[in-house]
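Remarks on the structure that follows.
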Amino acid sequence: MSFLGTTCARCSEDFAPHEASSTCPACHANLDVRVELPADARAQIEASADRSMWRYAPLLPVDAPSPEDGTLTTVGGTPLFMAPALAKRLGLGQVWIKDEGREPTGSLKDRASAVVVQRARALGESRIITASTGNAGVALAAMAQAAGLEAIILVPESAPAAKLAQLQIFGARLFLVRGSYDDAFDLATEASAELGIYCRNTGTNPFTVEGKKTVSFELAEQLGWRVPDAIVVSVGDGNILTGVHKGLKDLLGAGLIARMPRLYGVQARGSSPIAQAFFAGSDEVPEVEAATVADSISAGRPSDGWRALRAARETGGAFVVVEDEAILRSIAELGRDAAVFAEPAAAAAHAGLVKLAAEGTLTQGDEVALLITGTGLKDVGAAARAAGASPPTIEKSLDALSSALTERS
Ligand SMILES: *Cc1c(COP(=O)(O)O)cnc(C)c1O
Ligand SMILES: [Zn+2]
């Protein structure tokens, strides 16, 4: 644990640890957390027997949880594996899949909520509120339960059924807000200020990035303290891309990696304001009416757009926009070529990879990591649409089965 304070991402003003707890008091931009990067970070990490994200505690601004903290101790440690069939189909040197669907609640959001909950405990808070399209809320509900905090979750009415069910199971106070994710976001911010409830809102809480950055730590360590040429990440608010970037910057600063990969952000056509700013060469992210099948990246007024632009620009990466049909097709293609089950927002990264390969931005010379940010079990309706025709029903006889098998081939 080595929390040194925060620095405004835009006006570069420095704040001491207790000076600023959400956005910059001067310009309202999001704050980057400063952590100490110990000279022996690698030795400390490699000496840890912990396989969870907490093995990276020497590079985090919060303490690791205690062994009695249940699910909170199990976040991270997700597998990284090669997807040669996928690489071959796209004509790429290699594709690595980092499967965040295998987090305790099924999405990368567990990493952010775990760190934010540890921060809330350090501050002596007992209640914590967040707006969410679903996954961040589920993750907070679970991590708050483990930490003995009360979680208050605000989601748009339209959240998929599986996410709502999961939210109700972890004992949080759950409210469906009549409106969009952006409306829920504003309500959580207001409730935090007026009712004095600690707020996890993505991006405006500086600690969400500190959790999400651990996916980069893990990726690099799993590759033997090496990075691929490119990392492809789906983008809604832009906080995961910012977290991936921060993790890599920390690793570079600590001397654990020698270079930066290029970072590519993927947005759905119906929710692509950050990509639009990127293409326009602008720093101002426009506001849009968000509409996409990929609910986890449906954010019309992204809460971390500027830092996401910075991640792509500083690393020589880019943004790419994909259609909903390509996202649904990607769910099936990831299943067929890599045996991974992705929710639509996670499959969007694959749709982006397909486009980057087709336009020649990524080629045979590139080793690419694809972040699969959430499991397909989060939205089985979308998976069923992606699968297409329903399977045939047969009589309970070997004859029926063998003739059906012959028919197929
Ligand atoms: C939250 C989320 C994203 C996007 O993360 P942002 O920080 O909003 O850009 C992508 N995929 C899944 C599954 C998510 O839950
Ligand atoms: Zn500022």
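Just so you know, ligand 1 is whichever comes first in the structure, and atom 1 is the first atom listed for that ligand. All values below come from the heavy atoms of this structure, side chains included, with hydrogens, waters and symmetry mates left out. This chain uses plain numbering: 1 for the first residue, then up along the sequence.
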Worksheet item: Going by atom types only, do E359 and T361 share a side-chain donor-acceptor pair under 3.5 Å?
Response: yes
Worksheet item: Any idea which part of K378 is under 4.0 Å from ligand 1, heavy-atom wise: side chain, backbone, both or neither?
Response: neither
Worksheet item: Is ligand 1 less than 4.0 angstrom away from at least one heavy atom of K212?
Response: yes
Discussion item. Working to 10°, measure the angle at the Zn ion (ligand 2) formed by atom SG of C11 and atom SG of C8.
Written reply: 110°
Fill in: N or O pair under 3.5 Å between D237 and ligand 1
yes
Worksheet entry | Angle, SG of C27 through the Zn ion (ligand 2) to SG of C24 - 10° precision | 120°
Fill in: Short N or O distance, G238 and ligand 1, threshold 3.5 Å exclusive
yes
Response to the item:
S234 heavy atoms within 4.0 Å reach ligand 1 at atoms 4 (C), 10 (C), 11 (N)
Practice prompt. Evaluate the ring planes of F3 and F207, with Trp represented by its six-membered ring, and classify them as parallel (under 30°), tilted (30 to 60°) or perpendicular (over 60°).
Written response: perpendicular
Discussion item. Less than 4.0 angstrom from a charged side-chain N to a carboxylate O is my criterion; do D69 and R121 meet it?
Written reply: yes
Discussion item. If the threshold is 4.0 Å, N to carboxylate O, is there a salt bridge linking K249 and D32?
Written reply: no
Item to complete: Please confirm whether V235 comes within less than 3.5 Å of ligand 1 when only nitrogen or oxygen atoms on both sides are compared.
Response: no
Worksheet item: Does any donor atom in the side chain of Y198 or N205 lie under 3.5 Å from an acceptor atom in the other side chain?
Response: yes
Worksheet item: Which part of I297 is near ligand 1, with near meaning a heavy atom under 4.0 Å away: side chain, backbone, both or neither?
Response: side chain
Discussion item. Please check whether A346 reaches ligand 1 - meaning an N/O of the residue sits under 3.5 Å from an N/O of the ligand, judged on distance alone.
Written reply: no
